Peer 1: 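Provided herewith is a single structure, encoded as structure tokens, for subsequent inquiry.
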Amino acid sequence: MTMEQPTGNAVLDYVPSELRGQLLSVAKRFSATDSAVTDGRINWEKYCVFMVDGFAIETVCLNGSAPTATFMYGPEGVAGLGRVLWLENHQRSPLRVQGDGLAISAASLARFLDENESLRCAVNRYLSAHMTVAARLLACGTQHQVAPRVACWLLMAADRCSSSTVTITQDQLASYLAASRSTVSKSCQPWIAGGIIRLSRGQVFILDRDRLENEACECYRFCGTAFAVERTC
Ligand SMILES: [Zn+2]
């Protein structure tokens, strides 16, 4: 890949190719298969993450609880912008990544944002959709049952990986959705029995996407539409 070619990340691909090349020259490429990613040696606190295939999950632990997912970031946007806005005192939010992406230090991205209107425009476009989706998912977490939320989450993750397989355990799903492991397991059982999904060794295989969409709450379509509209306007 040359510097100027599209990357697969909507924010990076929105800016002129010359600027994209400058951004890529300071970016670190990573893959979730890298040992540095899997064993946590990358200090994500200092970076903003542009996924090109896959997703990054920002988590928060309240009162010593298991990590709850606050947001799932895919190739439509950028994770860790809070690090740019509050470089010194932003509350640290660990990232869990699955897939491939580019990491740019928050300090570098802050300088690029200061100097480039097209990058500010790209980030603002993404943030407008992000806020819409975040508000929707906040309501989803309080109003919708766990089973449709699990289906919604699996579909959103699969979309970001461009795959029908999502690497995640039921324990992680329960933690991210602030639900119990047994509730998540009960949610999955009829889908497994009905041939909609299959679970194996920390992976979820989506066998029948259409039927899984029928099981998901309407938030799945809402969130997908919000990002699609942002990309085309
Ligand atoms: Zn919902």
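Just so we're clear, the structure is a prediction, and the values are computed from it rather than from any experiment. Just follow the structure's listing: the first ligand is 1, and inside any ligand the first atom is 1.
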Peer 1: Can you list, by chain and residue number, the protein N, O or S atoms under 2.8 Å from the Zn ion (ligand 1)?
Peer 2: Cys140 SG, His144 ND1, Cys217 SG, Cys219 SG

Peer 1: Through direct or indirect side-chain contacts below 4.5 angstrom among Ile, Leu, Val, Met, Phe, Trp and Tyr, which residues connect to Leu207?
Peer 2: Phe205

Peer 1: Tell me, please, which residues at least two apart from Phe112 pass ring pair (Phe, Tyr, Trp, His ring centres under 6.0 Å).
Peer 2: none

Peer 1: In plain terms, say whether Glu115 and Arg111 are close enough for a salt bridge, that is, a side-chain N and a carboxylate O under 4.0 Å apart.
Peer 2: no

Peer 1: Who are the side chain to side chain donor-acceptor pair (under 3.5 Å) partners of Asp171, not counting sequence neighbours?
Peer 2: Arg181

Peer 1: Any luck finding a side-chain donor-acceptor pair between Ser185 and Ser182 under 3.5 Å?
Peer 2: no

Peer 1: Are Asp208 and Arg198 ion-paired here, with the side-chain N under 4.0 Å from a carboxylate O?
Peer 2: no

